[in-house]
Amino acid sequence: GGFLLLIASLCVGEGREITKSLSVQGGNWGTWGQVVYCPEGSFADGYKMKIEPPQGFRDDTSLNRVSLSCRDGTTLEASGDVAPHPHTKSFGTWGPMTSCQRGHFITSFALQVERPQGSDDDTAANFVKFTCRNITNGESYVMMQQPGAGYWGTYGPWSESCPLGSAVCGIQQKVEPYQSILGDDTELNNLKFYCCKHI
């Protein structure tokens, strides 16, 4: 029965119907945390990033956390922010929130990743950008925080898109734990997003 249970849990996130999970190629380190969802009936319409600026000769980590802003899909009332790992120590500071046009929601993403640097300083994920659209119809467009890219690495291909009638409602982050004062920290390595069906 374990296999059927797994399928059931993939399709329902905290009482929500998941239409697709969105993933891309990320960094090589860390472990996946829990999925955190917007409140029921709400979807992600904006994001902010926690980024550590270049550290000179010290250890760089670059992009370390991503937080989503949630908005009710029907009333368009703001319904709070969601960010995995809120209590773990992390480097850098939170930037401003960048949002879709009102009434539009996040539907896909692309991640800027620095490839492994061997004995040099690794940073893994550096920046993220999204597409937005109306949940039920319409063209999608790119929404990203300025300057549009981080310090190191390159963007990989865009993820798949949430099917029509759904938008991003959940986030999962792959984070490397603190590597000690002598270690090479990368923090955020990858992201996954989950699309929920709009009732």
Side-chain angles (χ1 to χ4, degrees), residues 1-51 63-74 78-90 94 97-100 104-113 124-133 135 143 156-178 186-199:
F3 182 64
L4 287 174
L5 190 67
L6 179 69
I7 291 176
S9 68
L10 185 69
C11 299
V12 178
E14 293 184 10
R16 310 198 62 181
E17 187 182 331
I18 307 295
T19 58
K20 192 182 278 281
S21 66
L22 310 178
S23 58
V24 296
Q25 186 68 47
N28 297 359
W29 301 281
T31 51
W32 288 102
Q34 290 179 298
V35 186
V36 188
Y37 291 96
C38 288
E40 193 157 355
S42 291
F43 301 88
D45 75 333
Y47 77 110
K48 61 184 179 180
M49 297 176 289
K50 190 175 192 185
I51 294 179
L63 176 60
N64 293 325
R65 296 288 187 277
V66 173
S67 169
L68 297 176
S69 61
C70 302
R71 193 172 285 278
D72 189 282
T74 306
S79 54
D81 296 355
V82 291
H85 312 291
H87 305 303
T88 30
K89 173 178 169 21
S90 128
W94 285 103
M97 188 67 75
T98 302
S99 300
C100 302
H104 292 190
F105 296 91
I106 290 174
T107 49
S108 72
F109 79 106
L111 191 62
Q112 181 184 342
V113 180
N126 270 255
F127 217 81
V128 62
K129 59 185 177 181
F130 295 92
T131 63
C132 304
R133 69 164 153 70
I135 292 185
M143 177 264 298
W158 285 92
S159 71
E160 292 186 81
S161 259
C162 295
L164 283 175
S166 66
V168 165
C169 61
I171 178 174
Q172 189 176 20
Q173 302 190 106
K174 186 184 184 190
V175 173
E176 181 187 43
Y178 181 59
T186 64
E187 288 216 30
L188 185 67
N189 271 252
N190 205 349
L191 293 162
K192 272 185 195 161
F193 295 94
Y194 294 83
C195 307
C196 286
K197 191 171 173 63
H198 185 44
I199 309 311

Check [X] against [Y] and note the closest heavy-atom contact, atom names and distance.
| X | Y | value |
| --- | --- | --- |
| Val24 | Pro157 | CG1-O, 3.8 Å |
| Thr19 | Pro163 | OG1-CD, 3.5 Å |
| Gly26 | Leu111 | CA-CD2, 4.4 Å |

Requested in this report: Give, for atom CH2 of Trp158 and atom CG of Leu22, the distance between the pair rounded to the nearest 0.5 Å.
Outcome: 11.5 Å
Query raised in the report: To the nearest 0.5 Å, how far apart are OG in Ser161 and CZ in Arg133?
Result: 6.0 Å
Under 3.5 Å: donor-acceptor pair, side chain of [X], backbone of [Y]:
| X | Y | result |
| --- | --- | --- |
| Arg71 | Gly73 | no |
| Tyr194 | Tyr37 | no |
| Asn189 | Asn28 | yes |
| Gln172 | Gly33 | yes |

Query - SG(Cys196) to SG(Cys38) below 2.5 Å - result: no
Requested in this report: Inspect cysteines Cys162 and Cys195 and report if their side-chain SG atoms are under 2.5 angstrom from one another.
Outcome: yes
Report task. Please collect all salt bridge (charged side-chain N to carboxylate O under 4.0 Å, His left out) contacts where either partner lies in residues 19-39, sequence neighbours excluded, each pair once. Result -> Lys20-Glu160
side-chain hydrogen bond (donor to acceptor under 3.5 Å, both in side chains) partners of [X], counting only residues at least two apart:
| X | answer |
| --- | --- |
| Ser67 | none |
| Ser79 | Ser42 |
| Thr98 | Gln145 |

Query raised in the report: For Gln173 and Val66, what are the C-alpha separation, side-chain angles and deciding distance, and is it a side chain to side chain contact (heavy atoms under 4.5 Å, CB included)?
Result: CA-CA 8 Å; Gln173 302 190 106; Val66 173; 3.6 Å; yes
Within the 4.5 Å heavy-atom criterion, are [X] and [Y] side-chain neighbours or not?
| X | Y | value |
| --- | --- | --- |
| Val113 | Asn126 | no |
| Ile51 | Arg65 | no |
| Leu191 | Ile171 | yes |
| Ser69 | Met97 | yes |
| Lys197 | Ile18 | no |

Query raised in the report: Does any donor atom in the side chain of Ser108 or Ser159 lie under 3.5 Å from an acceptor atom in the other side chain?
Result: no
Query raised in the report: Around atom NZ of Lys192, are there more than 12 heavy atoms of other residues, nucleotides or ligands at under 6.0 Å?
Result: yes
Query raised in the report: Can you list the residues that meet the ring-ring contact (aromatic ring centres under 6.0 Å, His included) rule with Phe193, with sequence neighbours excluded?
Result: Phe109, Phe130
Query - Pairing residues for Phe105 by the ring-ring contact (aromatic ring centres under 6.0 Å, His included) criterion, not counting sequence neighbours - result: Phe43
Requested in this report: Starting from the C-alpha separation in whole Å, work towards a yes-or-no answer on side chain to side chain contact (heavy atoms under 4.5 Å, CB included) for Lys129 and Met143.
Outcome: CA-CA 6 Å; Lys129 59 185 177 181; Met143 177 264 298; over 6 Å; no
Query raised in the report: Does the side chain to side chain contact (heavy atoms under 4.5 Å, CB included) test come out yes or no for Ile106 and Thr131, once each step is laid out?
Result: CA-CA 6 Å; Ile106 290 174; Thr131 63; over 6 Å; no
Report task. Let me see the working for Asn190 and Gln25 under side chain to side chain contact (heavy atoms under 4.5 Å, CB included), right down to the final yes or no. Result -> CA-CA 7 Å; Asn190 205 349; Gln25 186 68 47; over 6 Å; no
